[in-house]
Amino acid sequence: MSVALLFNQKPTEEWQRNLQKLLPETKVEVYPIISNPEDVEFIATWKPHKDYIKEFPNLKVVQSVGAGIDHLLHTEIPDSVKVTRIVDSALKQEMFEHVLACIMTSMKNLLTYHKNQLQQEWIPKNYTSIHETTITILGLGEIGKLVAERFVALGFRVKGWSNSQKNMNGVATFVGKEGLNSAIANTDFIVNILPLTTETESILNYKFFNQCSKQTVLINVGRGAHLVEKDLLIAIDEKQIKEAYLDVFREEPLPENHPFWSNKNIYITPHIASVTNATTALQQVATNYKKLKNMETLENEVSLDKGY
Ligand code: NDP
């Protein structure tokens, strides 16, 4: 039994070296140099190529080395193969810190003041305090739940939206399609931390923006395909919503001529909201590999039926 690493861009040699240290008895190889594909029962991967599953006839586990699994689902995964992902407290905290930075930047108008500074303009603006500000978190999973709790602790009014009912102190919770409009109405910030599934793809569309208040700021840290990009441009142009902080895009890096680059009300970060910590991720990979060998229940297995 061996482990294969299939990465589209991570520093694979370092990952191989470090995983080998954690699994000294096991052969750890980097795709495409695999001595015997039939030996590979476990792969750890980020954005693998299209037919990766077919190349390993005895595959038992696909471990995503990120929080999401959408990057694995461009090919059919048989029922015999389990899919797992990373759940990491540092990843959750970093996401909170990123969203907090976006929200405080917007609340304090820092980017407007900087634009004004370059024109030597001195224009004080009104400030709405934390206690008067409402944040809606779409997705109350491992990351969204922590983010919601942190904002409650800071004194924000917090709403949350998920598939199943939640009971969270200080968070007004809403469920499913019927609960979406109430979740996004009368809110200052909408933070998308949903996984990308057939249900959630293109959820941030014109109809969605039409339900928002004019002061709403969108923060998308989920996936680029949650957003219908042309609908956002229209919504901003028509002042349906105020502005957007985007960390993820349908095509990354954002293409050269994309209209987001020059939009005055769109703020872009290059998919850095919360970055996988290699040390934690490798420990989770090694743990799951050992669990597979010992026929124990894997950590952080996802439901392929739900897509997350
Ligand atoms: P989880 O799987 O733990 O949580 C997903 C949440 O979304 C759950 O609360 C789930 O509801 C809810 N949800 C899923 N589908 C629907 C739906 N159709 N309607 C309503 N609610 C729904 O995911 P994580 O919190 O670990 O991660 C979320 C996503 O964040 C990742 O998939 C990834 O795309 C993104 N991410 C982005 C990063 C970045 O740097 N930009 C970094 C890390 C993650 P329920 O609880 O009821 O099942």
Side-chain angles (χ1 to χ4, degrees), residues 9-10 46-47 63-74 83-102 136-151 158-168 171-184 190-205 208 218-227 244-254 267-278 280-281 284 299-308:
Q9 52 168 217
K10 289 195 193 290
W46 185 251
K47 296 191 178 172
Q63 165 88 52
S64 166
V65 298
I69 60 144
D70 48 292
H71 64 106
L72 305 173
L73 305 182
H74 46 46
V83 177
T84 65
R85 69 190 184 109
I86 300 298
V87 174
D88 177 13
S89 54
L91 196 74
K92 302 181 201 183
Q93 175 65 22
E94 188 179 344
M95 184 63 90
F96 162 67
E97 292 175 14
H98 178 85
V99 176
L100 176 64
C102 297
T136 296
I137 312 285
L138 304 179
L140 295 172
E142 291 289 345
I143 300 174
K145 181 168 176 288
L146 183 282
V147 172
E149 286 167 352
R150 293 275 195 271
F151 281 118
V158 180
K159 301 202 253 179
W161 185 66
S162 55
N163 241 336
S164 56
Q165 185 61 53
K166 309 284 177 209
N167 188 4
M168 292 173 64
V171 181
T173 52
F174 300 85
V175 179
K177 285 189 181 125
E178 342 50 83
L180 183 61
N181 285 352
S182 308
I184 64 174
I190 294 177
V191 184
N192 174 43
I193 319 182
L194 287 165
L196 182 62
T197 66
T198 46
E199 293 280 309
T200 63
E201 182 169 1
S202 299
I203 190 170
L204 307 172
N205 55 35
F208 178 101
L218 172 71
I219 301 175
N220 188 19
V221 289
R223 285 287 180 262
H226 283 131
L227 175 66
Y245 288 74
L246 307 177
D247 185 57
V248 285
F249 304 90
R250 284 186 182 258
E251 189 179 342
E252 295 179 4
L254 193 64
Y267 304 103
I268 286 169
T269 47
H271 202 148
I272 48 70
S274 184
V275 179
T276 297
N277 175 305
T280 329
Q284 292 187 22
E299 286 181 358
N300 305 314
E301 188 178 342
V302 297
S303 154
L304 284 179
D305 288 338
K306 287 200 290 181
Y308 67 95

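Both ligands and their constituent atoms are indexed starting at 1 by order of listing. Please read these numbers as outputs of a predicted model, since none were measured by experiment. Numbers for residues simply follow the sequence, beginning at 1.
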Relative to the heavy atoms of [X], which atoms of ligand 1 are at a distance of less than 4.0 Å?
| X | answer |
| --- | --- |
| Ile193 | 28 (C), 29 (C), 30 (O) |
| Val248 | 41 (N) |
| Ala67 | 43 (C), 44 (C) |
| Gly68 | 32 (O) |
| Gly222 | 34 (O), 35 (C), 37 (C) |
| His271 | 39 (C), 40 (O), 41 (N) |
| Val221 | 35 (C), 36 (N), 37 (C), 38 (C), 39 (C), 41 (N) |

- [ ] Give the ring-plane orientation class for Phe96 versus Phe151, where under 30° counts as parallel, over 60° as perpendicular and anything between as tilted.
- [x]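 Correct class here is perpendicular.
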- [ ] Output, in order, the C-alpha distance, side-chain angles, deciding distance and verdict of side-chain contact (heavy atoms from CB on, under 4.5 Å) for Ser274 and His98.
- [x] CA-CA 7 Å; Ser274 184; His98 178 85; over 6 Å; no
TODO: Out of Gly139, Gly66, Ser164, indicate the one that has the non-hydrogen atom closest to atom 47 (O) of ligand 1.
DONE: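 Comparing heavy atoms across Gly139, Gly66, Ser164, the nearest one to atom 47 (O) of ligand 1 lies in Ser164.
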TODO: Report the member of His226, Met95, Glu199, Gln165 with the shortest heavy-atom distance to atom 38 (C) of ligand 1.
DONE: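 Minimum heavy-atom distance to atom 38 (C) of ligand 1 goes to Met95.
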Open item on the list: For Ile137, run the side-chain contact (heavy atoms from CB on, under 4.5 Å) check against Leu146, Val191, Asn192, Ile143 and tell me which one passes.
Closed with: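 Considering Leu146, Val191, Asn192, Ile143, a side-chain contact (heavy atoms from CB on, under 4.5 Å) with Ile137 is found only for Val191.
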Task: Ile193 and its side-chain contact (heavy atoms from CB on, under 4.5 Å) partner, picked from Val147, Leu138, Leu140, Asn220 - done: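 Result: among Val147, Leu138, Leu140, Asn220, Val147 is the only option passing the side-chain contact (heavy atoms from CB on, under 4.5 Å) with Ile193.
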Is the contact between [X] and ligand 1 made by the side chain, the backbone, both, or neither, using heavy atoms and a 4.0 Å cut-off?
| X | answer |
| --- | --- |
| Lys145 | neither |
| Arg223 | side chain |
| Asp247 | side chain |
| Thr200 | side chain |
| Leu138 | neither |
| Arg85 | side chain |

Is the backbone N or O of [Y] less than 3.5 Å from a side-chain atom of [X], with the two atoms forming a donor-acceptor pair by type?
| X | Y | answer |
| --- | --- | --- |
| Ser64 | Ile69 | no |
| Asp247 | Ile272 | yes |
| Asn181 | Ile184 | no |
| Arg85 | Gly66 | no |
| Thr173 | Asn167 | no |
| Thr197 | Lys306 | no |

Task: Closest protein heavy atom to atom 12 (C) of ligand 1, given as residue, atom name and distance to 0.1 Å - done: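 Residue, atom and distance for the closest contact: Leu194 CD2, 3.9 Å.
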